[in-house]
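All figures in this text were calculated on a predicted structure; none of them were measured in a lab.
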Amino acid sequence: WMISAAMPPNDPSNSQYVLWVLPVDGSPVPVGSFDVAPGHTVSAIGKVSEPLSSVKAFAVSKEPGRTPPTKPTVVVASGAFA
């Protein structure tokens, strides 16, 4: 689940947000993509496939187009996993 209360809406025809797992070792892994609509603040994203013991942080990027890239383009939020 993603709570996007402070995130600006995106245009679902040409952009998306992507939730990423930042593992302790290795490259970011996309969990899933989502859109933010005005007044909509909670989205079901997907399931984290990495073992939680190997996760150091999560990040959200805003991406052009509708296909998640192999790495984040513009990171708009991030936070450590405790």
Run Ser33 and Val18 through side chain to side chain contact (heavy atoms under 4.5 Å, CB included) and show every step you take. CA-CA 4 Å; Ser33 60; Val18 177; 4.1 Å; yes
For Lys47 and Val31: C-alpha separation, side-chain torsions, deciding distance, then whether side chain to side chain contact (heavy atoms under 4.5 Å, CB included) applies. CA-CA 6 Å; Lys47 187 174 181 179; Val31 175; over 6 Å; no
Can Phe81 and Phe58 be said to form a side chain to side chain contact (heavy atoms under 4.5 Å, CB included), step by step? CA-CA 7 Å; Phe81 181 66; Phe58 289 91; 3.5 Å; yes
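Heavy atoms only, all atoms of each residue included: Val75 and Ala59 are closest at CG1-CB, 4.3 Å. Pro23 and Val21 get closest at one heavy-atom pair: CD-O, 3.3 Å. Heavy-atom minimum distance, Ser61 versus Trp20: OG-NE1, 2.7 Å. Closest approach of Met7 to Val60, counting heavy atoms only: CE-CG1, 3.5 Å. For the residue pair Gln16 and Pro68, the shortest heavy atom distance occurs at NE2-N, 3.3 Å.
For the salt bridge (charged side-chain N to carboxylate O under 4.0 Å, His left out) condition, no pair includes a residue of residues 6-20, sequence neighbours left out.
Relative orientation of the Tyr17 and Phe34 rings is parallel, given thresholds of 30° and 60° on the angle between their planes.
For the atom pair CG (Asp25) and OG (Ser54), the distance works out to 8.5 Å, reported to the nearest 0.5 Å. For the atom pair CD1 (Ile45) and CG (Leu19), the distance works out to 6.0 Å, reported to the nearest 0.5 Å. The line from OG1 of Thr73 to NZ of Lys62 is 12.0 Å long, rounded to the nearest 0.5 Å. Rounding to the nearest 0.5 Å gives a distance of 12.5 Å between NZ of Lys56 and CD of Glu50.
Looking only at distances, no side-chain donor or acceptor of Asp35 sits under 3.5 Å from a matching main-chain atom of Pro12. No donor-acceptor pair under 3.5 Å is formed between the side chain of Arg66 and the backbone N or O of Ser13.
Looking at heavy atoms from C-beta onward, Asn10 lies in side-chain contact with Ser15 at the 4.5 angstrom threshold.
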